[in-house]
Amino acid sequence: MSELSDLQPKALWVNFEQICKIPHPSKHEHDVVNFIKEFGISHGLETIVDEIGNVIIRKPATKGMENRVGVILQGHVDMVPQKNSTTNHDFLKDPIQAHIEGEYVKAKGTTLGGDDGIGVAAALAVLEDKEIAHGPIEALFTIDEETGMTGASNLKAGLLKGDIFLNMDSEEEGILYIGCAGGINANISFNYHSEKTPAGMSAFKLVLSGLKGGHSGADIHLGRANANKLMNRFLKHATKEFGLRMSEIDGGGLRNAIPFESFVTALVPKDKENALKEAVVKAEKIFQEEYAAVEPHISFTAEPTDIPSHVIDALTQKNLILAVYGCPNGVMRMSDSMPGLVETSNNLASVKSHDGVIDLQCLLRSSVDSSKDDLADMIQCVFELAGAKAEFADNYPGWKPNVDSPILHAVETTYKKLFGTEPCIKAIHAGLECGLLGGVYPNWDMISFGPTIQHPHSPDEQVEIKSVKKFWDLLVETLKNVPTK
């Protein structure tokens, strides 16, 4: 990974390289929290770890800048742990294998953690730099943003003193974000009992793969395929036509990542073997044709496998397949007030069977709370009619745009001065921590910006190198131009 340290800005990339060496998936940030804490202490800066595990580091103003408004730099320390099925990687033990490919930095077969490792690395670079002019700075490093916003939702009032909040967790350089969607998690479960595998059956491993996946907020409008929806679409027809029985299902992964793979152990009567294989080939062709513009690498195969001793009971299998196939997924509504912005969506993220239970997870997003609640009710109806239990948790608010924000106008002016073009002003259909944090600190004037990170939350994640330099230059120049108190 030493090649990263040759990139500019050097301090940012060196810090990012260090973060890549430390396993830090959501819920397992202990080591990276300790790294950041020791970083602050080693630079002689006031360093606090709060009760939940967030880190706050304070850096005094540089000489002559003491009268500037205090600024909070914020990023989250956890990353989404996604990998290709062919990649051997333990996110709890192995470092991320970051490397340069052309104009990008990416990882080998896994997510990179540029979301939000680049933002964290930028804050660390500011903290250690002795040349940048700035007023009082506080860096806030939150935990567990990706799976519950645990750090943000448990941050106590009164810990932070600044009034300007710079979130560095957005993923399109040249865009300044001033609003985001809220979200809620759906946790759904079917109980099933195992039935002895009927006689005269042949078993196959159905593998749907090659999908792009992606961020369930930022990429949901791109029309990419959802592996869970496609697999259960096939299962519905195969069950009816071939008497297919299912032994296990494993589709998707994290709730904030569009599922790009699904695996099913399926059985059909021996005299239906060829018919099943032909149906899989036909389905693959249909999927490829339907998604030709956005999913060029869809693969759907059926390979013979050992016959399992038991299958999921027929009624639960039927109810599961029908409910997953019927569950709302993707964009539900576009915003009326901000053209091009997704207002409400759902990601049917995960369908997994184990030990008599089939667990499903969804992530619902909306910038309108009532629409989010309506979608939750809709999904609950679908699954309760099918005999499942549906519960909702980790409801968090959105961030309402403020087009009159002073820091927005300051950053907008700075961007135009630096690069000669106007930045875009947008809200994002993703769950930035700004909504939660702004509720605790209503005095904050907030904005979010960052470099270009493509395909976050998927193994194709990559950071555009030149955009990181522009992001850094904008951050440094903004700190120089923070208004006086």
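Only this structure's heavy atoms are used, side chains among them; waters, hydrogens and symmetry mates stay out. Along the sequence shown, the residues carry numbers beginning at 1. This is a predicted model, so every value here is computed, not measured.
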Please name the pair of heavy atoms, one in [X] and one in [Y], separated by the smallest distance, quoted to 0.1 Å.
X      : Y      : result
Asn346 : Ile220 : O-CD1, 4.1 Å
Ala122 : Trp472 : O-CZ3, 3.6 Å
Pro423 : Leu176 : CG-CD1, 3.8 Å
Val468 : Val463 : CG2-CG1, 3.4 Å
Thr111 : Ile96  : O-CD1, 3.7 Å
Phe141 : Leu127 : CZ-CD1, 4.2 Å

| said: With a sphere of 6.0 Å drawn around NE2 of His30, does it hold more than 12 non-hydrogen atoms of other residues, nucleotides or ligands? | reply: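 No, not enclosed.
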
[X] (side chain) donor-acceptor with [Y] (main chain) under 3.5 angstrom:
X      : Y      : result
Lys37  : Val55  : no
Asp78  : Glu145 : yes
Thr197 : Ser309 : yes
Thr110 : Ala107 : no
Glu295 : Ala225 : yes
Asp90  : Asp94  : no
His99  : Lys106 : yes
Ser345 : Met332 : no
Lys10  : Ser5   : yes
Ser458 : Asp460 : yes

| request: Start with the C-alpha distance between Phe449 and Phe471, add both sets of side-chain angles, then the distance that settles ring pair (Phe, Tyr, Trp, His ring centres under 6.0 Å), and finish with yes or no. | output: CA-CA 8 Å; Phe449 60 99; Phe471 158 64; 5.7 Å; yes

Looking only at side-chain N and O atoms, does [Y] offer a donor or acceptor that is under 3.5 Å from a partner on [X]?
X      : Y      : answer
Ser366 : Thr344 : yes
Thr316 : Asp313 : yes
Glu261 : Asn84  : no
His215 : Asn256 : no

Under a 4.5 Å cut-off applied to non-hydrogen side-chain atoms, are [X] and [Y] in contact?
X      : Y      : answer
Ile321 : Thr239 : yes
Gln74  : Glu433 : yes
Ile379 : Pro328 : yes
Val120 : Ile19  : yes
Gln361 : Asn185 : no
Glu172 : Glu464 : no
Ile453 : Gln462 : no
Val105 : Leu7   : yes

So that I can tick it off, tell me whether [Y] and [X] are bridged by a salt bridge, with the cut-off set at under 4.0 angstrom between side-chain N and carboxylate O.
X      : Y      : answer
Lys352 : Asp250 : yes
Glu284 : Lys282 : no
Glu461 : Lys83  : no

| query | To the nearest 0.5 Å, what is the distance between CZ (Phe204) and CD (Glu273)? | reply |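 Reported to 0.5 Å precision, the distance equals 4.5 Å.
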
| said: Between Ile447 and Tyr177, does the side-chain contact (heavy atoms from CB on, under 4.5 Å) criterion hold? Intermediate values first, please. | reply: CA-CA 6 Å; Ile447 193 169; Tyr177 288 100; over 6 Å; no

| Taking the six-membered ring for Trp, are Phe16 and Trp13 parallel (under 30°), tilted (30 to 60°) or perpendicular (over 60°)? |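 Perpendicular: the ring planes of Phe16 and Trp13 meet at over 60°.
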
| task | For the pair Phe287 and Phe300, name the ring-plane relationship: parallel under 30°, tilted 30 to 60°, perpendicular over 60°. | result |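 The rings of Phe287 and Phe300 sit tilted, inter-plane angle from 30° to 60°.
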
| Verdict with reasoning, Leu360 to Leu320, per side-chain contact (heavy atoms from CB on, under 4.5 Å) | CA-CA 10 Å; Leu360 301 90; Leu320 170 72; 4.2 Å; yes

| request: Determine, for Phe260 and Lys212, whether the Lys NZ or Arg CZ falls below 6.0 Å from the six-membered ring centre while staying within 45 degrees of the axis. | output: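 Not flagged: Lys212 not positioned over aromatic ring of Phe260.
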
| task | Report the C-alpha distance between Glu146 and Leu254 in whole Å, list the side-chain angles of each, state the deciding distance to 0.1 Å, and finish with yes or no for side-chain contact (heavy atoms from CB on, under 4.5 Å). | result | CA-CA 9 Å; Glu146 300 289 5; Leu254 300 175; over 6 Å; no

| request: Quick one: do Asn395 and Lys372 satisfy side-chain hydrogen bond (donor to acceptor under 3.5 Å, both in side chains)? Show the steps, please. | output: CA-CA 10 Å; Asn395 193 354; Lys372 182 175 60 180; 2.7 Å; yes

| Test side-chain contact (heavy atoms from CB on, under 4.5 Å) applied to Glu128 and Phe39, step by step | CA-CA 9 Å; Glu128 67 180 332; Phe39 180 97; 3.9 Å; yes

| query | Which one of Leu348, Asn347, Asn187 satisfies the side-chain contact (heavy atoms from CB on, under 4.5 Å) criterion with Arg255? | reply |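 With Arg255 as partner, Leu348, Asn347, Asn187 yield a single side-chain contact (heavy atoms from CB on, under 4.5 Å), made by Asn187.
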
| task | Sort out for me which residue in Arg333, Arg365, Glu343 forms a side-chain hydrogen bond (donor to acceptor under 3.5 Å, both in side chains) with Ser371. | result |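 Only one option passes, and that is Glu343.
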
| Matching residue for His76 among Asp116, Asp115, Thr142, Asp144 - test: side-chain hydrogen bond (donor to acceptor under 3.5 Å, both in side chains) |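 Exactly one pass, corresponding to Asp115.
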
| query | Going through the distances and angles, do His297 and Gln288 end up as a side-chain hydrogen bond (donor to acceptor under 3.5 Å, both in side chains)? | reply | CA-CA 8 Å; His297 304 298; Gln288 289 172 345; over 6 Å; no

| When you look at Asp359 and His354, which way does the side-chain hydrogen bond (donor to acceptor under 3.5 Å, both in side chains) test go after all the steps? | CA-CA 8 Å; Asp359 288 322; His354 61 93; 2.7 Å; yes

